[in-house]
Chemist: 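Pasting a structure below so you can have a look.
Keep in mind that the numbers below use all heavy atoms, side chains included, and drop hydrogens, waters and symmetry copies. Positions are given from 1 along the sequence.
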Amino acid sequence: MDFKSSTVYQIYPKSFCDSNGDGIGDIRGMIGKLDYMKSLGVDYIWSTPFFASPLNDNGYDVEDYRSIHPLFGTMEDVEELIQKAEERGMGLMLDMVFNHTSTQHEWFQKALAGDKKYMDYYIFKDGEPGTPPTNWQSKFGGSAWEYVPKLNKWYLHLFDVTQADLNWNNPDVREELKNVIRFWKEKGVKGFRFDVVNLISKPDVFEDDDEGDGRRFYSDGPYVHEFLKELTADTDIGDMIMVGEMSSTSLEHCIRYSDPREKELTMCFNFHHLKVDYPDGNKWALARPDYRRLKELFELWQTKTAQQGGWNAVFWCNHDQPRIVSRLGDEKAYWKESAKMLATCIYLLRGTPYIYQGEELGMPNPGYRSIEEYRDVESVNYYHILLQEGKTQEEALRILGQRSRDNGRSPMQWHGGEYAGFSTSQPWIGIPEHYQYINVQEEEKDADSVLHYYRRLVALRKQYPVIQDGTIAFLYQEQETVFAYQREWEGQKLLVLNNLSDREVVLQEAVSCGGYECLLSNYGQDGARSRLETLRAYESIVWLKED
């Protein structure tokens with residue numbers, strides 16, 4: 001499959017569909033919904049980890065890369081999922097967490113027992129209790145180092161204390177991870193998503209960071225490109241779809257990672273555009289989105305990657321992000337219009353689009369009201385950090401309500417009946433109240449639904465080469481809430497206009513649409529005006545002209 005014309009659907013198994021009534025989504029639940037995914041027109045299904053794990057970080061703390069957690073099913077279930085997806089023309093992508101393992105992994109347990117070979121699989125440093133090797137901070141709060149008294153050493157964990165960072169400088173570690181790729185490739189997996197892969201190369205010398213939390217020393221580290229080239233070449237996966245999740249990365253590195261001449265990755269996830277509502281870069285504070293900055297970032301990344309040979313993964317949502325309709329749209333008066341508009345903004349850009357489960361329904365944030373409703377380790381940690389900083393419980397909960405990763409992890413809403421059709425028993429995390437009208441069953445019946453709009457967007461990508469291969473030029477840069485661009489390719493011109501605000505916008509320069517066909521409008525046929533002077537609240541319109 002050509003990744004340029006493809007669309008990827010992301011599943012968070014724990015929250016997708018529960019087949020056995022234990023309140024937790026599973027692999028057989030995924031199998032049961034393959035026809036639904038096929039109806040969306042997607043080409044790949046990316047599943048977050050379902051491997052053996054203590055689940056301290058919902059599966060991103062892997063205990064065994066070749067075993068399936070019993071909560072999710074069996075290896076036979078995965079093999080059936082791969083086979084039945086392929087029968088429907090879809091490939092399975094697996095999430096590989098290669099920066100770290102669970103501290104319950106056999107390798108780390110042997111390291112704790114003092115086995116020199118396996119101690120070198122991780123990053124241990126000598127030191128005294130109370131004096132970490134550096135002042136680096138964990139992504140989840142607190143020190144990035146944990147002391148092991150019986151070894152008189154500290155180990156590095158950039159994430160949770162139960163997620164120990166691997167030592168990629170050790171060739172034995174790299175070979176172990178290559179064997180994991182070979183194992184799953186043999187099973188028929190068609191692609192991989194590599195978790196925080198730009199953090200795998202640590203510096204030769206560890207030192208304090210007097211400017212930040214340490215990330216400038218290990219993000220896009222000294223040997224990361226060398227390691228990725230080796231992984232790709234030695235496992236012969238260069239023709240598969242491979243996306244790297246990039247933490248605090250740079251445009252230049254992402255272009256290099258995804259440049260086909262480099263033979264590293266197919267594309268990259270970057271998160272710069274999802275920080276435009278972070279005041280001074282602080283995730284755990286609230287601010288109005290900076291729409292000018294959002295537009296500048298899209299223009300910069302789209303233009304530079306096109307010029308220099310890279311490729312983007314384009315997305316709004318995933319299992320680590322709040323729901324975009326709550327973040328940049330309107331949950332109330334313009335819920336449907338803003339959900340469609342936000343999809344239009346990015347699914348016609350240059351890149352491979354990713355749909356996160358429920359995004360195609362316009363699912364908003366769940367609106368949890370107490371800390372007891374949250375399950376995410378990062379969110380619970382930061383709730384207490386916010387209280388320590390002097391925030392009231394109400395203020396801390398308001399911040400979590402907009403920032404928590406659990407906003408994207410509430411159960412998929414299949415119908416308006418008991419437990420939203422996700423399970424026959426109480427789910428592991430609460431179901432939002434809006435499930436009664438925002439669900440697959442209701443939206444299937446509504447020809448004007450967000451779901452049907454997403455299907456049309458996915459179909460357009462396959463129908464028109466201009467979306468896959470066209471150049472891109474951005475328009476109306478000076479108008480803060482107008483996000484517009486034009487794509488061109490071999491006689492096809494695609495014009496995309498979006499209003500990011502809840503107010504009508506008067507265009508500084510009217511658009512004459514003579515000779516253009518209106519392909520799509522989130523206001524229905526009302527969008528097919530021959531001359532465009534204004535955009536209504538959250539309006540999006542797509543026109544095509546063919547010479």
Side-chain angles (χ1 to χ4, degrees), residues 7-8 10 139 193 196-198 215 219-220 243-255 257-258 265 267-308 310-330 338-356 359 365 402-403 405 407-408 457 472-485 487 496-501 538 540:
T7 301
V8 182
Q10 183 195 352
K139 305 284 187 181
R193 181 263 196 188
V196 293
V197 74
N198 68 316
R215 70 184 64 192
S219 299
D220 305 306
V243 58
E245 182 200 24
M246 303 296 166
S247 173
S248 304
T249 189
S250 70
L251 171 59
E252 293 72 26
H253 276 290
C254 279
I255 290 172
Y257 289 129
S258 61
L265 298 170
M267 66 193 77
C268 298
F269 284 122
N270 82 85
F271 299 91
H272 294 71
H273 65 295
L274 293 176
K275 298 179 181 179
V276 296
D277 55 356
Y278 289 7
D280 299 319
N282 181 8
K283 172 180 175 177
W284 300 100
L286 303 180
R288 177 183 179 273
D290 184 340
Y291 295 110
R292 290 191 186 279
R293 182 61 180 152
L294 179 71
K295 291 170 52 170
E296 289 169 359
L297 285 166
F298 274 128
E299 180 172 2
L300 176 65
W301 283 73
Q302 285 280 305
T303 303
K304 290 294 185 182
T305 53
Q307 291 172 348
Q308 299 178 34
W311 191 255
N312 293 295
V314 291
F315 70 102
W316 285 126
C317 298
N318 63 33
H319 61 289
D320 285 335
Q321 297 292 331
R323 294 290 182 175
I324 198 63
V325 72
S326 297
R327 194 169 183 179
L328 298 181
D330 185 330
S338 63
K340 293 178 180 180
M341 179 276 297
L342 288 164
T344 310
C345 281
I346 63 166
Y347 289 105
L348 300 176
L349 289 170
R350 182 180 181 275
T352 300
Y354 286 68
I355 302 171
Y356 178 61
E359 185 178 5
N365 289 341
Q402 295 190 42
R403 294 289 191 250
R405 299 191 301 179
N407 286 312
L457 275 173
I472 188 164
F474 288 84
L475 312 171
Y476 298 102
Q477 294 100 320
E478 69 283 358
Q479 290 195 254
E480 180 185 15
T481 60
V482 178
F483 183 59
Y485 51 90
R487 309 287 310 277
V496 183
L497 286 99
N498 301 281
N499 178 6
L500 298 168
S501 77
Y538 294 113
S540 64

Chemist: Could you walk me through whether Lys304 and Cys254 pass the side-chain contact (heavy atoms from CB on, under 4.5 Å) test, one step at a time?
Modeler: CA-CA 10 Å; Lys304 290 294 185 182; Cys254 279; over 6 Å; no
Chemist: Tell me every residue that passes side chain to side chain donor-acceptor pair (under 3.5 Å) with Gln321, counting only those two or more places apart in sequence or in another chain.
Modeler: Arg327
Chemist: Check whether the ring centres of Phe269 and Phe315 lie less than 6.0 Å apart, and answer yes or no.
Modeler: yes
Chemist: Pick out which of Leu500, Leu274, Leu294 makes a side chain to side chain contact (heavy atoms under 4.5 Å, CB included) with Leu328.
Modeler: Leu294
Chemist: Heavy-atom distance under 4.5 Å between the side chains of Tyr356 and Ile324, does that happen here?
Modeler: no
Chemist: Can you name the closest pair of heavy atoms from Met246 and Phe271 and give their distance?
Modeler: O-CD1, 3.3 Å
Chemist: Using every non-hydrogen atom in the two residues, find where Ser540 and Asn498 come nearest and quote the distance to one decimal.
Modeler: CB-OD1, 2.9 Å
Chemist: For Lys283, give me all partners under side chain to side chain contact (heavy atoms under 4.5 Å, CB included), at least two apart in sequence or on another chain.
Modeler: Tyr278, Glu378, Arg403, Arg405
Chemist: Which pair of non-hydrogen atoms, one from Pro322 and one from Asn407, has the smallest distance, and what is that distance?
Modeler: CA-CB, 3.8 Å
Chemist: Who are the side chain to side chain contact (heavy atoms under 4.5 Å, CB included) partners of Glu252, not counting sequence neighbours?
Modeler: Ser250
Chemist: Check whether any side-chain heavy atom of Gln302 lies under 4.5 Å from a side-chain heavy atom of Tyr485, and answer yes or no.
Modeler: no
Chemist: List the residues meeting side chain to side chain donor-acceptor pair (under 3.5 Å) with Thr305, not counting sequence neighbours, and say none if there are none.
Modeler: Asn312
Chemist: Glu296: which residues meet the salt bridge (Lys or Arg N to Asp or Glu O under 4.0 Å) condition with it, sequence neighbours left out?
Modeler: Arg293
Chemist: What I'd like to find out is whether the side chain of Asn318 reaches to under 4.5 Å of the side chain of Tyr354, using heavy atoms alone.
Modeler: no
Chemist: If you look at every heavy atom in Met267 and Thr352, which pair is closest and at what distance?
Modeler: CE-OG1, 3.5 Å
Chemist: Using ring-ring contact (aromatic ring centres under 6.0 Å, His included) as the criterion, list what pairs up with Phe298, not counting sequence neighbours.
Modeler: His273, Trp316, Phe483
Chemist: List the residues meeting side chain to side chain donor-acceptor pair (under 3.5 Å) with Ser501, not counting sequence neighbours, and say none if there are none.
Modeler: Asn499
Chemist: CD1 of Ile346 to SG of Cys317: how many Å apart, nearest 0.5 Å?
Modeler: 8.0 Å
Chemist: What's the separation between atom CD in Glu245 and atom CZ in Arg193, rounded to the nearest 0.5 Å?
Modeler: 4.0 Å
Chemist: Just jot down the side chain to side chain contact (heavy atoms under 4.5 Å, CB included) partners of Ala343, sequence neighbours excluded, or say none.
Modeler: Tyr347, Tyr454, Leu457
Chemist: Is there a donor-acceptor pair under 3.5 Å between the side chain of Arg292 and the backbone N or O of Glu478?
Modeler: yes
Chemist: Take Ser247 and Lys139 through the side-chain contact (heavy atoms from CB on, under 4.5 Å) test and state the conclusion after the steps.
Modeler: CA-CA 10 Å; Ser247 173; Lys139 305 284 187 181; 3.5 Å; yes
Chemist: So Ser258 and Leu265, do their side chains get closer than 4.5 Å, heavy atoms only?
Modeler: no
Chemist: Would you give the length of the straight line joining atom CZ of Arg323 to atom CD of Gln402, rounded to the nearest 0.5 angstrom?
Modeler: 15.5 Å
Chemist: Can you see which heavy atom on Val325 is nearest to which on Leu342, and at what distance?
Modeler: CA-CD1, 4.0 Å
Chemist: To the nearest 0.5 Å, what is the distance between CD1 on Ile255 and CH2 on Trp301?
Modeler: 7.5 Å
Chemist: Nearest 0.5 angstrom please: Leu497 CG to Leu475 CG, how far?
Modeler: 7.0 Å
Chemist: Under the rule for side chain to side chain donor-acceptor pair (under 3.5 Å), what residues qualify as partners of Asp220, not counting sequence neighbours?
Modeler: Asn198, Thr249, Tyr257
Chemist: How would you list, by chain and number, every residue that makes a salt bridge (Lys or Arg N to Asp or Glu O under 4.0 Å) with Arg215, sequence neighbours excluded?
Modeler: Asp213
Chemist: For side-chain contact (heavy atoms from CB on, under 4.5 Å), just list the numbers for Lys295 and Phe474, CA-CA rounded to whole Å, side-chain angles, deciding distance to a tenth of an Å, and then say yes or no.
Modeler: CA-CA 9 Å; Lys295 291 170 52 170; Phe474 288 84; over 6 Å; no
Chemist: Among all residues two or more places apart in sequence or in another chain, which pass the side chain to side chain contact (heavy atoms under 4.5 Å, CB included) test with Ala285?
Modeler: Pro279, Asn282
Chemist: Listed by chain and number, what are the salt bridge (Lys or Arg N to Asp or Glu O under 4.0 Å) partners of Glu480, not counting sequence neighbours?
Modeler: Arg288
